[in-house]
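Whatever order the structure lists them in is the order used to number ligands and atoms, beginning at 1. One is the number of the first residue; the rest follow in order along the sequence.
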Amino acid sequence: MDKFVIQGGKRLGGTVSVSGAKNATLALMPAAILAPGTSRLGNTPALRDVTTMTSLLRTMGMQIDFRENLLTLDSTNVDRYEAPYEHVKKMRASIYVLGPLISRYGRAKVSLPGGCAWGPRPVNLHIEGLRKLGADIELEGGYIIAKADRLHGARIHFDVSSVGATGNVMMAASLARGTTLIENAAMEPEITALAEFLNAMGARIGGMGTNRLEIEGVDLLHPAAIMTIPDRIEAGTFLLAAAITGGSVTLERVNPEHLSALTAKLEDAGCTLRSSPDSLSLTAHAPLRSVDVTAAIYPGFPTDMQAQWTSLMAVASGTAVVTDSIYFDRFKHVPELVRLGADIELKENAAVIRGVTRLTGAKVMSTDLRASASLILAGLVASGTTEVLRVYHIDRGYEAIEKKLQSLGAEIRREAGEEF
Ligand code: UD1
């Protein structure tokens, strides 16, 4: 397993281009199941999660080609309707095949994802939503086994706003008979990107970007081609890399509107931000001020930026409280940050961070994707050498992160890792 070796203390500067959004891509790829023929997704990031979704869809008979960030998906020969445990255990987003398979083929067998590194992540809302559309779903032997004649429209009110459940139900409802209303739908940009792709395929989805989606089912969808939106979490991570090193960085091919909760907090911390419709620049001014955040559903502060914000606050002046209202246990990065000299106390679903003037390099271990990003950020500012072990987590969701950081002046290299 590879590791990153980082010499901290370099101020980052320059321009970096943001890749396509992982979480949009992982929804758009299974959507291609819904239409016979070849769909194209431009600006697809080269990520391990995209490779995992590619192998899953290939086992179903989808023909997939990936070249220079253009993904071509031909669903003509899809003839297996199963997502086996071996795939789903690697990546929970595999559950996105459930809605399209039931809706198009009237059957699906998808492994239950189980928990993840930081705690339970149920899929009850996916199942309840699809049942309301008329799917007959049983849980057996660790699998979701679904059958349906043609699905029908329904009114679905989600008790909790869920990105995945909204996406799954929206895909299924696109080919249902009649109209579906999703209330308390997720408003995340990745869900809007999925709705735009489905509409490009001939679906009739209204209310995009709001928490009330109306989907008028159609008899047939056709293939489509779109460009994937920029990855707001990758973009946010680079903004924080600039902020934590006292640097000045410009992001290109970004949508600043998707990052407004984060950029407002960065301004509160004392950074200067400037934006155009597709670029965003940050200049840091020392000392950074401590700023509390509460991770919440969009347009709130993203839970996927919570670990990275914790790293930034570790070296800010004052005390910050970082609360996660979505994933109560998502704090596996904290003990590792403490190994680098951070002063952080955990209280239920919050981290109380007393800023220190200096972090010092050490060996730390990645536990999940965003925790890994937070450790890299801390390594960029820690004095001496930081080794971030098990970086395969980072390769799930960041395209060539070390190359992009090197281009901004960071001293970071990938090496063959070690077990411990
Ligand atoms: C997606 C993102 C992930 C992000 C998360 C929250 C993808 C591939 N992943 O995950 O990066 O951290 O949104 O922004 O897009 N819940 C239920 N029952 C369900 C489904 C969810 O109770 O059936 C709860 C979850 O436990 C959580 C909340 O709803 O507390 C939000 O989760 P959800 O939006 O579904 O996350 P994912 O789609 O899995």
Partners of Glu216 by side-chain hydrogen bond (donor to acceptor under 3.5 Å, both in side chains), sequence neighbours excluded? Arg204
Counting only heavy atoms, tell me which of [options] gets closest to [atom].
{"atom": "atom 24 (C) of ligand 1", "options": "Leu369, Val160, Asp159", "answer": "Val160"}
{"atom": "atom 11 (O) of ligand 1", "options": "Asp304, Asp324, Leu125", "answer": "Asp304"}
{"atom": "atom 27 (C) of ligand 1", "options": "Phe158, Tyr327, Tyr298, Phe328", "answer": "Tyr327"}

State whether a side-chain donor-acceptor pair under 3.5 Å links Arg370 with Tyr398. yes
With distance as the sole criterion, is a donor-acceptor pair present between the side chains of Asp324 and Thr303 under 3.5 Å? yes
Residues which pass salt bridge (charged side-chain N to carboxylate O under 4.0 Å, His left out) with Glu399, listed by chain and number, not counting sequence neighbours: none
Show the numbers, then the answer: is there a salt bridge (Lys or Arg N to Asp or Glu O under 4.0 Å) between Arg330 and Asp304? CA-CA 10 Å; Arg330 196 179 194 178; Asp304 288 348; 2.8 Å; yes
Do any N/O atoms on [X] end up under 3.5 angstrom from N/O atoms on ligand 1?
{"X": "Asn124", "value": "yes"}
{"X": "Val163", "value": "yes"}
{"X": "Leu26", "value": "no"}
{"X": "Tyr96", "value": "no"}

Are Leu139 and Ile127 close enough that some pair of their side-chain heavy atoms sits under 4.5 Å apart? yes
